[in-house]
*Asks:* 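What follows is a structure written as structure tokens; I'll ask about it next.
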Amino acid sequence: LRVCPSGRAWADPASGPQTAHRDGVECSGFGFCDRATGQCKCRAGFEGNACQRLKCPMGDNNFFISEKCSGHGKCMTMAEAARTVDHELDLFTSIEYTNWEADMIQGCICEPGWSGHDCSKRECPWGPDPRVTSAKDEIQVIDCLCQGGRAFEAIESCSGWIMLGYKGETTRSIPWDATAAFIEHELELLSTITDVRVSIKGSSMACSHSGSAIVVEFLRDVSRQRDYQNITVNTTYLSSTGSKAAAVYTSGQPSGYYADAVSQKSTKVPLECSGRGTCNPGGVNTGECYCYPGYGPASDGRAGFATREHNYLDCGSIRTDFNWTGITCPKVAPQYGGSAEICGSPTSFTACDLTTLTCNCSYGYEGGACEWLKCSRGKAWFDVATAPNVAHALAPCSNVGECSRTSGQCQCDPLFEGSVCSQMMCAKNDSYVCGDKGVCMTMNKLATYSTTNGEYNDATYTLSDTTWDANKMQACYCRKSMSANSYLWDKDQLGIDGMLDEVAFNTYRGYYAYTHTDFSGYDCSKMECPRGDDHLTHGYNEVQRIRCSATAGGFYIKFRENTTALINWNDPAALLETKLEAIFSIGNVTVTYHNDTSFATAGHGSAKGICNTTYADVEFLTELGNLPMMNVTGVTLTQKIGMSDQAIIPKINITEAQKGTKENIECSGHGYCNPDIGMCVCDVGYTSSDGQGGRGHRGDCGFPYTETQVFLPVDELEEEE
């Protein structure tokens with residue numbers, strides 16, 4: 001049988017404090033391995049040879065064909081989106097992102113003009129609010145020194161050119177003595193720049209002997225980003241027999257040569273339809289603005305009237321032919337239903353700012369006239385990192401669902417659920433969550449059920465930057481069988497509270513008595529097979545030794561999170577054995593009392609009870625391998641004092657007398673597991689064992705047998721006759 005590729009687990013119980021998503025998990029825990037082909041069959045919504053990637057959302061590409069990112073974006077992993085510099089996709093900075101999901105979670109980076117988590121929504125034109133006249137343009141200042149220039153006193157010479165860059169594009173050569181008009185023309189030839197105004201301080205040339213300050217004022221940017229990128233300057237091909245230098249100043253910094261050449265950070269806010277129109281009203285997806293009365297339909301992108309060069313259908317101008325008498329804030333019909341309202345009316349959900357005639361929307365409403373309902377936000381499943389290993393900012397519908405602006409409700413992608421699509425669903429089987437054979441838990445909850453060798457770990461998985469998925473990622477915690485004799489349990493015996501009350505039921509696999517195994521798989525639809533010892537390798541049973549000295553009282557023994565009934569100081573071996581085998585985590589053991597009647601331990605030689613024998617050995621017969629230690633709890637023993645010249649003997653302790661070295665492997669290594677029924681298909685010559693080298697009821701293929709019977713084909717039998 002073949003194994004399948006492995007990857008980092010999508011969801012698993014934490015193994016320690018804030019530690020989960022272990023590596024090396026077959027099919028990343030969200031797929032089933034086809035043993036015949038060695039290929040993973042991934043859960044719906046996941047892809048990759050090890051099911052290690054979340055698929056990008058699909059959408060209609062406007063030609064009735066479903067494509068990734070609707071054919072209007074690029075599908076990237078978190079790591080790819082963080083490190084990629086692509087100015088056309090508004091990716092400007094390369095950032096290192098190495099969190100557990102860096103190469104696993106994929107999402108869409110939309111092309112210009114498209115938006116939404118699946119890039120299916122046409123964006124409407126945008127621009128600054130024409131009523132907000134105090135907003136400032138972005139200004140950047142470029143100093144350029146080239147000693148030689150045309151200063152009459154200079155004896156050096158200057159030659160060559162500079163090149164300016166913006167958002168990944170670079171101008172053609174700009175001569176050292178170029179004028180402001182020439183520089184403006186060259187910048188506007190870049191596809192990343194729409195409209196700039198250029199002036200030069202200190203000279204009429206781009207570079208001069210005393211230094212020039214090139215002032216670039218951005219009148220409109222190509223992308224809908226509030227923060228502008230910095231211009232870059234390349235002086236490689238600028239030559240001077242004296243000194244040459246160049247620098248760029250932004251965000252209020254003045255030129256190094258002229259104090260009146262000061263840079264300025266833009267305070268203009270790019271708004272959908274300039275905040276004076278409704279984008280895609282009625283749920284259409286045309287990318288068109290329907291302007292409020294008195295505005296638009298077009299502007300120059302700067303709150304002025306449209307020109308031949310700059311004509312944007314963004315509702316960004318104030319009409320002069322409109323009767324503004326008595327008009328304050330916009331009055332439009334709410335897209336979520338109802339009659340037309342005006343901001344500040346007694347029945348509205350808004351307040352009107354009479355200075356800017358702007359609607360200040362109440363919580364849950366948005367749009368220039370508060371005509372839309374706003375969807376709630378959650379930590380994004382996919383977004384672009386803002387700093388090394390910092391991502392998953394708040395986003396509408398957690399960036400895995402479509403926001404209905406007419407209802408304010410999220411329509412989650414199939415894998416996600418919750419009012420803001422904040423949680424990944426647990427898988428279903430036969431229409432039931434976890435196939436009704438397990439419990440759906442968050443990673444935070446799963447951590448509380450984390451065990452190693454049957455003992456609970458000190459594991460946690462709580463919310464932090466790196467464990468952002470603590471309450472978002474969900475997985476099935478499948479029913480556990482817990483022990484070899486679990487078929488004897490009845491429901492009242494469990495004593496487990498809450499949602500795991502029935503965790504150990506329906507785990508019997510058949511044929512043999514002791515074939516209870518765990519459910520498994522991402523949807524709990526699979527079953528583990530019995531495990532046992534390979535008889536071909538010599539091994540030992542685990543033996544743990546109890547030493548007790550007392551004359552009264554008792555104690556309890558805890559093993560793999562299960563605790564015995566009270567063990568009295570004078571319980572004989574048979575009773576101790578019965579009490580140990582009564583707990584769920586122990587099948588069969590042999591208890592043997594050993595006595596030493598030497599003078600030094602006088603009084604310890606009687607085998608009447610556990611605490612008046614020298615020591616007791618507990619040999620595990622059904623639990624194989626290196627086992628965790630039994631622990632003593634609830635001690636009420638009265639200590640026994642030895643001879644007058646002897647030290648006080650400790651009341652009770654448990655040590656490992658013999659480490660268990662028998663294997664505990666699937667089908668004892670002599671068969672293969674059929675996970676659909678949880679039964680071993682044994683190799684020829686092997687059948688079920690008792691775990692101790694004999695025939696038994698484990699269903700584990702651990703017993704070799706030599707009895708054979710030859711069955712001849714019918715035609716051969718006839719020939720012999």
Side-chain angles (χ1 to χ4, degrees), residues 453-454 480-490 493 504 506-518 527-545 557 559-560 562 564 573-593 616-628 630 656-675 677-709:
N453 204 1
K480 309 297 179 185
S481 62
M482 303 288 282
S483 85
N485 63 354
S486 57
Y487 76 102
L488 296 174
W489 300 358
D490 63 52
Q493 283 182 288
N506 302 317
T507 59
Y508 178 62
R509 306 306 175 211
Y511 288 168
Y512 299 99
Y514 301 121
T515 55
H516 285 255
T517 64
D518 300 347
M527 295 162 247
E528 293 187 1
C529 286
R531 308 175 77 84
D533 175 51
D534 182 355
H535 78 103
L536 295 178
T537 59
H538 183 67
Y540 296 96
N541 291 328
E542 174 88 9
V543 178
Q544 297 186 15
R545 182 163 295 169
I557 287 180
F559 180 73
R560 285 180 169 170
N562 290 270
T564 65
L575 183 55
L576 175 60
E577 186 173 306
T578 298
K579 289 182 178 181
L580 287 172
E581 292 177 348
I583 64 175
F584 304 142
S585 50
I586 293 179
N588 296 319
V589 294
T590 296
V591 175
T592 306
Y593 286 0
D617 279 346
V618 179
E619 181 179 9
F620 290 83
L621 304 178
T622 49
E623 284 65 54
L624 305 179
N626 186 21
L627 303 180
M630 296 186 294
E656 188 175 55
Q658 180 173 273
K659 180 179 179 179
T661 58
K662 287 186 176 181
E663 294 97 348
N664 188 35
I665 55 178
E666 189 176 73
C667 302
S668 304
H670 292 289
Y672 68 88
C673 176
N674 183 341
I677 57 176
M679 297 176 66
C680 291
V681 179
C682 299
D683 295 343
V684 175
Y686 287 89
T687 188
S688 177
S689 82
D690 61 359
Q692 301 300 315
R695 190 189 297 268
H697 293 276
R698 296 176 67 97
D700 61 355
C701 305
F703 179 71
Y705 65 89
T706 57
E707 304 91 345
T708 58
Q709 183 175 355

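The first residue in the sequence is number 1, and the count goes up from there.
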*Asks:* Taking Ser688 for its side chain and Arg698 for its backbone only, find out whether a donor-acceptor pair lies under 3.5 Å.
*Replies:* yes

*Asks:* Any side-chain heavy atom of Ile583 sitting closer than 4.5 Å to one from Phe559?
*Replies:* yes

*Asks:* Decide yes or no for Pro530 and Thr517: does some side-chain heavy atom of the first lie under 4.5 Å from some side-chain heavy atom of the second?
*Replies:*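 Yes, their side chains come closer than 4.5 Å.
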
*Asks:* Look up atom OH in Tyr511 and atom SG in Cys680, then write down how far apart they are to the nearest 0.5 Å.
*Replies:*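 Result: 12.5 Å between the selected atoms.
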
*Asks:* Is it the case that Ser689 and Asp700 place a side-chain donor and acceptor less than 3.5 Å from each other?
*Replies:* yes

*Asks:* Calculate, to the nearest 0.5 Å, the distance between atoms CD and CZ belonging to Glu656 and Arg545 respectively.
*Replies:* 11.0 Å

*Asks:* Answer yes or no: is the gap between the SG atoms of Cys529 and Cys667 smaller than 2.5 Å?
*Replies:* no

*Asks:* Using modelled atom types and a 3.5 Å cut-off, is there a donor and acceptor pairing between side-chain atoms of Asn541 and backbone atoms of Gln692?
*Replies:* no

*Asks:* Just jot down the salt bridge (Lys or Arg N to Asp or Glu O under 4.0 Å) partners of Asp534, sequence neighbours excluded, or say none.
*Replies:* none

*Asks:* Okay, side chain of Thr564, backbone of Leu580: is any donor-acceptor separation there less than 3.5 Å?
*Replies:*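 Not confirmed, Thr564 side chain does not pair with Leu580 backbone.
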
*Asks:* Mind checking the CZ-CD1 spacing from Arg509 to Ile677? Nearest 0.5 Å is all I need.
*Replies:* 10.0 Å

*Asks:* Who are the ring pair (Phe, Tyr, Trp, His ring centres under 6.0 Å) partners of Tyr686, not counting sequence neighbours?
*Replies:* His535, His670

*Asks:* If you measure from NZ on Lys659 to CG on Asn626, what distance do you get to the nearest 0.5 Å?
*Replies:* 4.5 Å

*Asks:* Donor-acceptor pair, distance only, cut-off 3.5 Å: does the side chain of Asp533 make one with the backbone of Gly691?
*Replies:* no

*Asks:* Does Thr515 form a side chain to side chain contact (heavy atoms under 4.5 Å, CB included) with His697? I'd like the steps, not just the answer.
*Replies:* CA-CA 7 Å; Thr515 55; His697 293 276; over 6 Å; no

*Asks:* Met630 and Phe620: side chain to side chain contact (heavy atoms under 4.5 Å, CB included), yes or no, with the steps?
*Replies:* CA-CA 11 Å; Met630 296 186 294; Phe620 290 83; 4.0 Å; yes

*Asks:* Can you confirm whether the thiol sulfurs of Cys701 and Cys682 sit closer than 2.5 Å?
*Replies:*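 Disulfide present: SG-SG distance under 2.5 Å.
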
*Asks:* Please check this pair: side chain of Gln544 against backbone of Pro628, looking for a donor-acceptor N/O pair closer than 3.5 Å.
*Replies:*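 Here the side-chain-to-backbone pair exists.
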
*Asks:* Can you find a heavy atom in the side chain of Leu624 that is under 4.5 Å from one in the side chain of Glu663?
*Replies:* no

*Asks:* Taking all atoms of both residues into account, what is the closest heavy-atom pair of Glu528 and Cys673, and its distance?
*Replies:*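 The pair with the smallest heavy-atom distance is C-SG, 4.5 Å.
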
*Asks:* In sequence, state the C-alpha distance, the side-chain angles, and the governing distance for Leu627 and Arg560, and then conclude on side chain to side chain contact (heavy atoms under 4.5 Å, CB included).
*Replies:* CA-CA 9 Å; Leu627 303 180; Arg560 285 180 169 170; 3.4 Å; yes

*Asks:* Thr661 side chain to Tyr540 main-chain N or O, any donor-acceptor pair under 3.5 Å?
*Replies:* yes

*Asks:* Would you give the length of the straight line joining atom CG of Asp617 to atom OG1 of Thr592, rounded to the nearest 0.5 angstrom?
*Replies:*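 Going from the CG atom of Asp617 to the OG1 atom of Thr592 covers 6.5 Å.
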
*Asks:* Could you tell me if the side chain of Val589 sits less than 4.5 Å from the side chain of Glu577, heavy atoms only?
*Replies:*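 A side-chain contact exists here, since the closest heavy-atom pair is under 4.5 Å.
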
*Asks:* What is the distance from atom NZ of Lys480 to atom CG of Asp518, rounded to the nearest 0.5 Å?
*Replies:* 5.0 Å

